[in-house]
Amino acid sequence: MRVNHVTGEVLGGPVKSIYVYEAPVRFWHWAMAFMMVFLVVTGYLIGAPLPSNYGDTWNEYLMGNIRMIHFIAGMLFTVLFIVRVYWAIVGNHHARAIFIPPVWSLSWWGGMIRQGMYYLFLKKKSPEWVGHNPLAQIAMFAMYVVGSVLIIITGFGLYAQQWGWDTGWMRWFGWVTVLFGEPQTVRTVHHLLMYYLGIFALIHMYMVFREDVMGGTTQLSTMTNGVRMFKEPVEPQGKRQA
């Protein structure tokens, strides 16, 4: 099987199953999805609190518990992201794909155009890819990677504010409040980033299910067992239908 070593596009030849996503990447993927559910739900409730003062107020700590769950999930989210960055360094080529899109490659840009035409129903068939296609790579980088870095920074900036300026947390993350000018701006940006990552997650799930049904390769099972399987032979690049 001939594969473009930069883009991962299958150029032709007899196809075969390929081990793509290593176990740490797969664990990170599902653990991060789990954390994002907790973060989105609790983050939304922090921004739009429930009426938690019914009954004996001394016996109610609903919002405190919601905030605690949010803080714990946020810290676990950060740890998972740091581990993922580490594995991008020590893992295989596919572990680095979402962190370093090969924007220097003309074939990568060509693949992005062809993939975009397929998504817009201007092409009947999509190129086949061993890993992420170029559009998925740039989306993962711009929305997940950049979005995660920003939401982590603003999240710790907000967490530090409750401890006060004379604490270690503010020595580490007080610069976030200074950078944005005021605490409310940090909260607003953090809240908007929640929607930014939420929209990305919805689009990501839609595209995965769509390609698992309509595409020529496996998607859901690949992030479970790590193996990319091809459903049908791949035509040589010059013979693909427009």
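Values below: all heavy atoms of this structure, side chains included; hydrogens, waters and symmetry mates excluded.
Between atom CG of residue L39 and atom CE of residue M32 there is a gap of 9.5 Å, rounded to the nearest 0.5 Å. A distance of 10.0 Å separates CG of L106 from CH2 of W109, quoted to the nearest 0.5 Å. Rounding to the nearest 0.5 Å gives a distance of 5.5 Å between CG of L193 and CG of L150. Of the inter-residue distances, the one linking M143 atom CE with M140 atom CE reads 11.0 Å to the nearest 0.5 angstrom. Atom CD1 of I151 is separated from atom CE of M36 by 7.5 Å, given to the nearest 0.5 angstrom. With rounding to the nearest 0.5 Å, the separation of CE in M35 from CD1 in I72 is 10.0 Å.
Counting heavy atoms from C-beta outward, N133 and Y119 have side chains that approach closer than 4.5 Å. Within the 4.5 Å cutoff, side-chain heavy atoms of I153 are placed close to those of W175. The side-chain heavy atoms of R228 and E128, taken from C-beta on, include no pair separated by under 4.5 Å. Taking the side chain as every heavy atom from C-beta outward, R2 and V10 never approach each other to under 4.5 Å.
Aromatic rings from F156 and W163 are positioned such that their centres are separated by 6.0 Å or more. In summary, the aromatic rings of F77 and F81 are positioned with their centroids too far apart to meet the 6.0 Å limit. Aromatic ring centroids of H132 and Y21 lie under 6.0 Å apart.
Side-chain N or O atoms of T218 include none that pairs as donor or acceptor with a backbone N or O of S221 at under 3.5 Å. Panel note: side chain W169, backbone G157; no donor-acceptor pair is recorded below 3.5 Å. Judged by distance alone, with hydrogens and angles left aside, the side-chain atoms of N92 form a donor-acceptor pair with the main-chain N or O of V20 at under 3.5 Å. When atom types are taken as modelled, the side chain of W30 and the backbone of W28 share no donor-acceptor pair closer than 3.5 angstrom. Side-chain atoms of R96 never come within 3.5 Å of backbone atoms of V85 as a donor-acceptor pair (strictly under, hydrogens ignored). Here the side chain of R26 pairs a donor or acceptor atom with the backbone of T224 at under 3.5 angstrom. A donor-acceptor pair under 3.5 Å is formed between the side chain of T167 and the backbone N or O of G164.
The nearest pair of heavy atoms linking H70 to T42 is ND1-OG1, 2.8 Å. Here the shortest heavy-atom pairing between L45 and M63 reads O-CE, 3.6 Å. Closest approach of S105 and S107 over heavy atoms only: OG-OG, 2.8 Å. In plain terms, the two heavy atoms of F173 and A160 that are nearest each other are CB-CB, 4.0 Å. Here the closest non-hydrogen pair linking A142 and Y196 is O-OH, 3.0 Å. Heavy atoms only, all atoms of each residue included: A97 and Q137 are closest at CB-NE2, 3.3 Å.
Residue I199 is not grouped with residue L202 when hydrophobic side chains (ILVMFWY) are merged at heavy-atom distances under 4.5 angstrom, including chains of intermediate members. A chain of hydrophobic side-chain contacts below 4.5 Å, direct or via other Ile, Leu, Val, Met, Phe, Trp or Tyr residues, connects V25 to I89. Note: the hydrophobic cluster containing I100 does not contain I82 (ILVMFWY, side chain heavy atoms under 4.5 Å, direct or indirect links). If you chain together hydrophobic residues whose side chains sit under 4.5 Å apart, V213 and F121 never meet in one group. Follow the hydrophobic side-chain contacts under 4.5 Å out from W165 and you never reach F180; the two are in separate clusters.
Within 6.0 Å of the CE atom in M117, the count of heavy atoms belonging to other residues, nucleotides or ligands exceeds 12.
For the side chain to side chain contact (heavy atoms under 4.5 Å, CB included) test with R187, the passing option among T154, L158, L192 is L158; the others fail.
Counted by atom type alone, E22 and W87 present one or more donor-acceptor pairs between their side chains at under 3.5 Å. Using modelled atom types, one finds a donor on one side chain and an acceptor on the other under 3.5 Å when comparing Q219 with T217. Remark: the T177 side chain and the Q161 side chain contain an N/O donor-acceptor pair separated by less than 3.5 Å. Side-chain contact of S126 with Q115: a donor-acceptor pair under 3.5 Å is present, judged by distance alone.
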Taking it one step at a time, do V208 and M205 satisfy side chain to side chain contact (heavy atoms under 4.5 Å, CB included)?
CA-CA 5 Å; V208 166; M205 287 188 287; 5.8 Å; no
Determine, step by step, whether Y159 and F71 satisfy the ring pair (Phe, Tyr, Trp, His ring centres under 6.0 Å) criterion, reporting the C-alpha distance in whole Å, the side-chain angles of both residues, the deciding distance to 0.1 Å, and the verdict.
CA-CA 8 Å; Y159 184 74; F71 294 156; 4.9 Å; yes
Go through the steps for Y118 and L135 under the test side chain to side chain contact (heavy atoms under 4.5 Å, CB included), then give the verdict.
CA-CA 11 Å; Y118 167 69; L135 276 178; over 6 Å; no
Test side chain to side chain contact (heavy atoms under 4.5 Å, CB included) on F99 and R84; report intermediate values, then the result.
CA-CA 10 Å; F99 291 90; R84 183 64 178 85; 3.6 Å; yes
Side chain to side chain contact (heavy atoms under 4.5 Å, CB included) between I138 and M112, worked out
CA-CA 9 Å; I138 201 66; M112 179 182 292; 3.9 Å; yes
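Hydrophobic side-chain contacts under 4.5 Å tie V79 into a cluster, directly or through other members, with V83. Hydrophobic cluster membership of Y19, counting Ile, Leu, Val, Met, Phe, Trp and Tyr whose side-chain heavy atoms lie under 4.5 Å apart directly or via other members: V227, M229.
Using a 30° and 60° split on the angle between ring planes, F200 and H204 fall in the parallel class, below 30°.
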